[in-house]
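Heads up: the structure comes next, in structure tokens.
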Amino acid sequence: MREQIGLFARSILDSGLTSGSTRNISARLSDATVLMTPTGSSIGFLDPARISCLFANIRPLSGDAPTREIPLHTAFYDTRAETGAVWRETISLIAGEPRTCDRWARS
């Protein structure tokens, strides 16, 4: 899923869907952990290993420090159970195959 976030981020920048490079993306995984772009990262050049992974209670598990927009992203997950991923605060996407941080850490 980290690699997919990186590819998606690059594609929205390349296709002109965002005019800036510091947008944020998150994805809730099947074990309730959340992957989130790091604070100050450029979405066109994300290193998948540096994407933040947070416990369900938003404590850091791995990766760089997450975006400061955590409350915005978690509000989607808390109020819309079907939401699997968030790009910024305006578009929600349903993630494909559920993953876990643990699974990717071993890959």
Side-chain angles (χ1 to χ4, degrees):
M1 182 62 76
R2 289 177 192 239
E3 289 81 7
Q4 290 172 315
I5 289 173
L7 291 171
F8 176 70
R10 183 64 194 205
S11 72
I12 62 174
L13 184 65
D14 288 349
S15 48
L17 293 173
T18 181
S19 59
S21 61
T22 56
R23 304 298 185 238
N24 294 296
I25 300 168
S26 67
R28 180 175 48 191
L29 307 177
S30 60
D31 64 352
T33 55
V34 176
L35 292 175
M36 197 170 284
T37 50
T39 189
S41 61
S42 172
I43 64 166
F45 304 96
L46 284 176
D47 175 356
R50 296 181 68 185
I51 292 174
S52 310
C53 185
L54 310 168
F55 288 106
N57 65 0
I58 311 304
R59 284 186 307 119
L61 177 63
S62 64
D64 290 357
T67 174
R68 292 179 300 265
E69 293 181 2
I70 290 172
L72 220 61
H73 289 254
T74 57
F76 270 93
Y77 301 128
D78 292 344
T79 60
R80 294 168 177 83
E82 71 281 0
T83 301
V86 176
W87 166 43
R88 283 190 47 101
E89 67 275 13
T90 54
I91 299 176
S92 63
L93 307 167
I94 303 301
E97 180 184 351
R99 305 286 184 176
T100 66
C101 289
D102 209 32
R103 178 175 175 183
W104 287 108
R106 290 181 272 139
S107 298

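Keep in mind the model is a prediction, meaning the values are calculated, not measured.
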Distance, nearest 0.5 Å, that separates NE2 of His73 from CZ of Arg28:
13.0 Å
Would you give the length of the straight line joining atom CD1 of Ile51 to atom OG of Ser41, rounded to the nearest 0.5 angstrom?
8.0 Å
Asp14: partners by side-chain contact (heavy atoms from CB on, under 4.5 Å), with sequence neighbours left out
Arg10
Sorted by chain and number, sequence neighbours left out, side chain to side chain donor-acceptor pair (under 3.5 Å) with Thr67 holds for Asn24
With rounding to the nearest 0.5 angstrom, report the CD1 to CG distance, Ile5 to Leu46.
8.5 Å
Contact list for residues 32-50, test salt bridge (Lys or Arg N to Asp or Glu O under 4.0 Å), sequence neighbours left out
Arg50-Asp64
Got a second to check how far Phe45's CZ is from Leu13's CG, nearest 0.5 Å?
7.0 Å
Would the distance check show the side chain of Thr33 and the main-chain N or O of Leu29 forming a donor-acceptor pair, the cut-off being under 3.5 Å?
no
Can you name the side-chain contact (heavy atoms from CB on, under 4.5 Å) partners of Ile58, sequence neighbours left out?
Leu54, Ile70, Thr74
Do Pro66 and Thr37 touch side chain to side chain, with heavy atoms closer than 4.5 Å?
no
Residues which pass side-chain contact (heavy atoms from CB on, under 4.5 Å) with Thr39, listed by chain and number, not counting sequence neighbours:
Ala65, Arg68
Under a 4.5 Å cut-off applied to non-hydrogen side-chain atoms, are Arg2 and Cys53 in contact?
yes
